[in-house]
Amino acid sequence: MRILLLHSDFIEYQPISKEVEAAEDIQYKASKKIDEVIVALIAVEKDDDESIIDDVCKELKAYSEKIKCENLLLYPYAHLSSQLATHGTALAVLISIENQARDLFTTVNRAPFGWTKSFHIKIKGHPLAEHAKTIHSKGNGEKKELTLISSALKSEDALNSTWYVHVPEDKLIPINDYAFQKDSALKKLAEYELSKKRTVVEVPPHVKLMKRLAIADYEPSSDGGNLRYYPKGRLMKSLIETYVTKMIHEYGGIEVETPVMYDSNHPSIHSYFNRFPARQYNIQSDNKQLFLRFAACFGQFLMAKDFQISYKQLPLKLYELTRYSFRREKSGELVGLRRLRAFSMPDCHAFCRDIVQAKEEFVKRFELSLKVVEGLGISPNDDLEMVIRFTTDFYEQNKEFIQAFAARLKKPILVEMWKEKFFYFIVKWEFNFVDRSGKAAALSTDQIDIENGQRYNIEFVDSDGEKKYPIILHNSPSGAVERVIFALLEKADMEVHTGKPPALPLWLSHTQIRIIPVSSNHLAFCEKILELLNKNSIRTDIDDRELSVAKKIREAESEWVHFIIVIGDKEAGGKEFVVRERVTKSQYNISIENLMRRIKQEISDKPYLPLNLPKYLSKRPIIMV
RNA sequence: GGUCAUGUAGCUCAGCCUGGUUAGAGCGAAGGUUUUGUAAACCUUAGGCCGUGGGUCCAAAUCCCAUCAUGACCUCCA
């Protein structure tokens, strides 16, 4: 890296035009004057990486102490070197330097990257006023990976918004005037969003449950937030995925598959980075700097760009269930299944002709999301809290629409209003599951995006023969699959506290019926029943281990098996069995046909997949976690 | 990422503060006895580099440092 430090009375600069495709987006092109400042002209070179940043900052600080000046301007200046780094790397390094320098200087400014700029500068006359320095990466062994920090991430703090509560009587009440019900989930959510305080200090219950029920577990040999899923967890995920996909097909979604990694230097993607407040996994492969996708957006946009689309085909709905989406969340934020670095996300984009069509579709997809969530065993009214966020402009132009939309849920809704559009969307809603410790996690969500149609150059031909950019909706009707499991486990744990036996939805339970033979003599008969049940798409297994009946019942109950049938001499050859049912805590006589009918009635609209473990318990490895 | 806490058998944990024979328990596993009727039958055996790496000490699970992992909080969420 080459740096030229200039102790200046003032500098005045003005961005003129973009010089490279990877140029930053900037808000204002006005000229900027800074007095009494160190101007650091910087060229990031080929071999520079993040390991250099500490040294650079030390150098900057040392210089600042020598000349007693606490103001810094970082000024990208490619002309200092002929061995330049790629644009992406250069920007990332500059941003990192900027972030780190903030702690060391009173004021830190950075001139925009990738722009032609004009500037006036007056350099002081003392001997130290001009100082050039070349700094090399530590080059010992492996290069440290670059962390691209998007400008959205930094500027998030600056996001200016006001909060309200929308009540069913079509009113927006400023949040401070709203009387929250004591201990309500909405109150917790509001506290969470406005980050005043967190209620309880406790290990999240779902973490213990996901281990105890052998659904999922941490994998220390991977990166944090990348979990392993045991047979029962894998089956649950498959079922949820199948279900959500089926529902989106019915809505009209067209399923596609797109790559998990992309070139960071692709212009559309690059500028999208800066609109998305997350960190990425970065991969260096030969000369390419790749990143792992954090959503299905790019893949679908890049695909749609190559489609020939007429207004007659709109809204066009593309759908993908990502396995996985990757987000390199800060390590301290990772929690069980609530917040992961790799997760499966159904993502359905609708490309719409105009804002009228977009709003219509927005409503349809809200209905879809309600249905999907309900089907998954989570009640939008009882288990979820809704947040809706929009810009002041959108609200002013669409008051009635917003009010009608918010009134679909017959309960108060949290509202955030932005003064100006900061992200790419103008309106967005989400369902939040609030767990016992007051932590909120978003499930379903949808957004109206007015930027990316143009950014990705997606075009359709309108009725007037003109090419136009569609408005894009981003919907995940269920939210991340792993988060659905998180919510179900947390919900089950809440039920324990109200005295109900905890349970998962029947259609998501690995074992739906457990058959327990009294002795090994009854095995043959058990096998006959099992065949019948499995043929009728009811997942059934047999506990053929040499244990007491009481013990086997105990284990079945602790596995949250919904129905248990004990088979002994009394039942052998007969038609009626005593069934022990978990949810109702009851035992009753029932014929096998009636039991099948009952179960099918409950789950017939849900997908079926066979057992993901041997039907005999004696043949299963014991997963001890 | 920061602060604090935790890491001992497959699992849940005791021992650590105050260093000292061979590191314990329950569950689970293996072998055996029992042929069992609705939430834990009985006996025997195996199972440990006390997270990892360094240090102090005659001596380290125990004290110190580093590191990794996990959790809580801070912060934040498409």
Side-chain angles (χ1 to χ4, degrees), chain A residues 99-100 147 149-150 152-154 156-157 159 192-195 197-204 207-208 211-212 214 217-225 272 275-279 293-297 325 327-336 338-340 343 345 347 387 389 423-425 428-430 432 437 439-447 449 474-476 479-480 483 501 514 516-523 543 545-559 561 564-571 577-582 585-587 621-625:
Chain A
N99 287 340
Q100 198 158 327
T147 324
I149 301 165
S150 68
L153 193 65
K154 283 180 299 148
E156 232 172 330
D157 308 334
L159 239 182
Y192 187 75
E193 284 288 344
L194 301 170
S195 67
K197 61 169 187 142
R198 303 290 138 84
T199 357
V200 204
V201 186
E202 218 174 312
V203 184
V207 174
K208 284 195 164 176
K211 294 177 178 210
R212 223 205 67 216
D217 201 359
Y218 298 114
E219 174 53 75
S221 306
S222 180
D223 190 26
Y272 191 49
R275 288 298 215 179
F276 225 87
R279 291 157 175 80
R293 66 169 171 202
F294 38 88
C297 303
S325 291
R327 299 182 186 180
R328 238 185 55 88
E329 308 290 3
K330 285 185 276 179
S331 57
E333 297 173 330
L334 302 171
V335 183
R338 190 211 292 142
R339 202 151 169 82
L340 296 164
F343 55 93
M345 179 91 142
D347 214 338
V387 186
R389 307 168 202 253
F423 299 106
Y424 47 82
F425 44 83
K428 165 187 188 246
W429 64 264
E430 80 223 7
N432 282 275
S437 57
K439 291 272 193 182
L443 287 170
S444 325
T445 176
D446 201 3
Q447 314 162 359
D449 165 4
H474 301 233
N475 174 225
S476 184
R483 248 187 207 180
R514 162 93 21 106
I516 297 179
V518 172
S519 82
S520 48
N521 303 332
H522 306 105
L523 260 179
D543 193 345
R545 295 171 304 170
E546 295 289 333
L547 298 170
S548 69
V549 170
K551 174 92 183 219
K552 290 196 263 195
I553 293 206
R554 184 185 148 85
E555 289 203 8
E557 290 288 5
S558 67
E559 270 182 64
V561 172
I564 302 169
I565 303 175
V566 177
I567 302 283
D569 290 335
K570 278 184 249 166
E571 287 79 12
F577 305 100
V578 180
V579 169
R580 187 184 163 109
E581 186 179 339
R582 176 175 184 77
K585 286 180 162 171
S586 60
Q587 282 180 52
I622 291 171
I623 301 167
M624 261 297 175
V625 280

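Proteins come first, then strands; the chains are lettered A, B, ... in the order of their sequence lines, and each starts at number 1. Below, each value reflects all heavy atoms present in this structure, side chains not excepted, and no hydrogens, waters or symmetry copies. Quick caveat: nothing in here was measured; it's all calculated off a predicted structure.
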Sub-4.5 Å side-chain heavy-atom contact between A:W429 and A:D446:
yes

Look at the side chain of A:N475 and the backbone N and O of A:T445, then say whether any donor-acceptor pair between them is shorter than 3.5 Å.
yes

Min side-chain heavy-atom separation A:V566-A:V549 under 4.5 Å:
yes

Using a cut-off of 4.0 Å on non-hydrogen atoms, how would the nucleic acid contact of A:A440 be classed: base, sugar-phosphate, or nothing?
base

Picking from B:A78, B:A39, B:C27, the nucleotide nearest the side-chain atoms of A:K428 would be B:A78

Return no unless some side-chain N or O of A:K439 is found under 4.0 Å from OP1 or OP2 of B:C73.
yes

Counting side-chain heavy atoms from CB outward, which of B:A78, B:A40, B:A39 is closest to A:R327?
B:A78

What distance, rounded to whole Å, do you find between the two P atoms, one in B:G19 and one in B:A59?
15 Å

Roughly how far apart, to the nearest Å, are B:G51 and B:U6 at atom P?
13 Å

Using a 4.0 Å heavy-atom cut-off across all strands, classify A:I553 as base, sugar-phosphate, or nothing.
base

Mind checking whether A:E557 and A:P501 have side chains closer than 4.5 Å, heavy atoms only?
no

Using atom P of each nucleotide, how far apart are B:G47 and B:G55 to the nearest Å?
30 Å

Between B:A60 and B:U22, how far is it from one P atom to the other, in whole Å?
12 Å

I'd like to check A:R339 versus A:R483 (side-chain heavy atoms, cut-off strictly below 4.5 Å). Are they in contact?
yes

If you look at every strand shown and take non-hydrogen atoms under 4.0 Å, does A:G336 touch a base, only sugar-phosphate, or nothing?
sugar-phosphate

Should A:H474 and A:C297 be marked as a side-chain contact (heavy atoms from CB on, under 4.5 Å) after you check the CA-CA gap, both sets of side-chain angles, and the distance that decides it?
CA-CA 8 Å; A:H474 301 233; A:C297 303; 3.5 Å; yes

Out of B:A78, B:C76, B:G28, which nucleotide sits closest to the side chain of A:E333?
B:C76

Between protein and nucleotides 30-37 of chain B, map the contacts as a letter string: B base, S sugar-phosphate only, - none, heavy atoms under 4.0 Å, written 5' to 3'.
-----BBB

Do the side chain of A:R389 and the base of B:A78 come within less than 3.5 angstrom through a donor-acceptor pair of N or O atoms?
no

